2 protein chains.
Amino acid sequence: MSFIEKARRAQIVECAIETIAEVGYAQASLGQIAKRAKISKGVISYHFANKEELLEQIPIEYYMAWQSYIAPRIEAQKSPKEMLRVYIESNLTFVDENRKHVFAVIETVSNQRTADGKLRFAADHDETILLPIENILTLGMQEGIFREFTRPSARVMALTIRNAIDGFTIELMRKPHLDVQEYTRELVTIFDKSTKK
Amino acid sequence: MSFIEKARRAQIVECAIETIAEVGYAQASLGQIAKRAKISKGVISYHFANKEELLEQIPIEYYMAWQSYIAPRIEAQKSPKEMLRVYIESNLTFVDENRKHVFAVIETVSNQRTADGKLRFAADHDETILLPIENILTLGMQEGIFREFTRPSARVMALTIRNAIDGFTIELMRKPHLDVQEYTRELVTIFDKSTKK
DNA sequence: CTTATTTTAGTACAGTCGTACAAAAAAACA
DNA sequence: TGTTTTTTTGTACGACTGTACTAAAATAAG
């Protein structure tokens, strides 16, 4: 892949993100995206096989950036309690610093569907996103720091934590001047208390 | 409004719900909805001013049914702790018994936009949905049963509870055989612990 | 039964969509 | 430099959208 190819693809994906963040997934047409990038629609077709391939890049790019931001911060912690705190804190910070992108990911993941109408990214969600949280919970339980979790109840806990983070994103779009620090502190408190023995 | 008018509108709204639940908001065209109802597109135009008015009915209908289901159950409780438990329990039961409708509401509320691209139902969400939870929290704090909440931290708590319920809905669509009872029990535990002193 | 009203089906239309494609422009290479 | 390859533009096309509208059908009223 040439330099120009990479740069163009990056630019187009960036404009797709901005477009989705602004007008929503349903209204984000190739025409809209091209206009924002100040290029012809044909350029998008030239660099991407189709619209689907373009929109796929948004979650893919995001997951990579997300992982390389979150993972080392968690690994730097010793106790599961601290891991959970850092997981929440670093997620909210990451969201705060990548507002448009994260919002575009949520829009894409919850809207993009395959030809038969099923949600495209529904399956990936579990293993990629939920597993790390479940691992922290299991670890904390084994060390006797967290309360007892069955496999299903750890899953509910993980889902609830994840929903809280995604919900924060949507709230942040609605209220851009939200006090992120305060929100973070409160979420840490909530899930600290709810995992305690 | 005549009898036929009411029946037709109800039928069309019902088919709109089913269509959205099945193929998603973006793909739910009037043609699709009409086909499902086995009527001509023209009938929809006759009974509804436009597509927007039709899709509005989905959240409106839902909020009314939701309120008349939830409110009396909460009012029947004495302590805030019980109120919170019943709020969670009755919400999950309501979702479980109205899967398609609730999912269609989430799709509609998080996708329907005004002409200028802004989310249509973003504003309503707060007052209608969040306030009852905030009231329970405030009550519990005043009675000394719950821990201290500032106004913003009570709001985060309310949002987190609400996100947990909405997230449960989406999980239920992904995994229709989910153990609802177990999920409910775990959510009650989580928020019981996290509101305790 | 006749007439008026409500409701339905079917079609037409203007607009937007994603994609395909030909020609022009730019860049890379010799 | 001239030649080839890569990239961009602009347009055209078929498919699909929501809405408008006409004529037919069904129902209600007199």
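Note on naming: letters A, B, ... go to the chains in the order of the sequence lines (proteins, then strands), and numbering restarts at 1 for each one. Keep in mind that this is a model prediction, so the values were computed, not measured.
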Could I get a table of every N or O pair under 3.5 Å where one atom is in the protein and the other is in nucleotides 15-18 of chain C?
| residue | atom | partner | partner atom | Å |
| --- | --- | --- | --- | --- |
| dC17(C) | OP1 | Ser29(A) | OG | 3.2 |
| dG18(C) | OP1 | Lys51(A) | NZ | 2.4 |
| dG18(C) | OP2 | Leu30(A) | N | 2.8 |
| dG18(C) | N7 | Lys41(A) | NZ | 3.3 |

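Residue contacts shown for Val43(B) are limited to sugar-phosphate atoms, with no base heavy atom under 4.0 Å away.
Residue Tyr46(A) places at least one side-chain N or O under 4.0 Å from the OP1 or OP2 atom of dT7(D). Taking only side-chain nitrogens and oxygens, Arg8(B) never comes nearer than 4.0 Å to OP1 or OP2 of dT6(C). OP1 or OP2 of dT8(D) sits under 4.0 Å from a side-chain N or O of His47(A).
Rounded to a whole Å, the NZ atom of Lys38(A) is 16 Å from the P atom of dT8(D). The separation between Ile33(A) atom CD1 and dT19(C) atom P is 11 Å, rounded to whole Å. Whole-Å rounding puts the Phe48(A) CZ to dA20(C) P distance at 15 Å. The nearest whole Å value for the distance from the CD1 atom in Ile44(B) to the P atom in dT11(C) is 17 Å. Put simply, CD on Glu5(A) is 13 Å from C1' on dT5(D), counting in whole angstrom units. Per the geometry, CD belonging to Glu53(B) stands 14 Å off C1' belonging to dT19(D), to the nearest Å. As a whole-Å value, the separation of Ile39(B) CD1 from dA26(D) P is 16 Å. Residue Glu56(B) contributes atom CD, which lies 16 Å from atom P of dG18(D) at whole-angstrom precision.
The pair Glu134(A)-Arg162(A) does not count as a salt bridge, with every side-chain nitrogen at least 4.0 angstrom from each carboxylate oxygen. The existence of a salt bridge linking Arg9(B) and Glu53(B) is confirmed by a sub-4.0 Å separation between a basic side-chain nitrogen and an acidic carboxylate oxygen. Contact check on Glu171(A) versus Lys175(A) returns a salt bridge, with a Lys/Arg side-chain nitrogen under 4.0 Å from an Asp/Glu carboxylate oxygen. One finds a salt bridge joining Arg36(B) and Glu22(B) here, because a Lys/Arg side-chain nitrogen approaches an Asp/Glu carboxylate oxygen to under 4.0 Å.
Taking the six-membered ring for Trp, Phe94(B) and Tyr62(B) have ring centres closer than 6.0 Å. Between Phe146(B) and Phe191(B), the ring center distance fails the sub-6.0 Å criterion.
Classification of the Tyr87(A)-Trp66(A) ring pair by plane angle, with boundaries at 30° and 60°, yields perpendicular.
Mapping Ser45(A) and Gly42(B) onto DNA chain C via the closest heavy atom, the residue that lands nearer the 5' end is Gly42(B).
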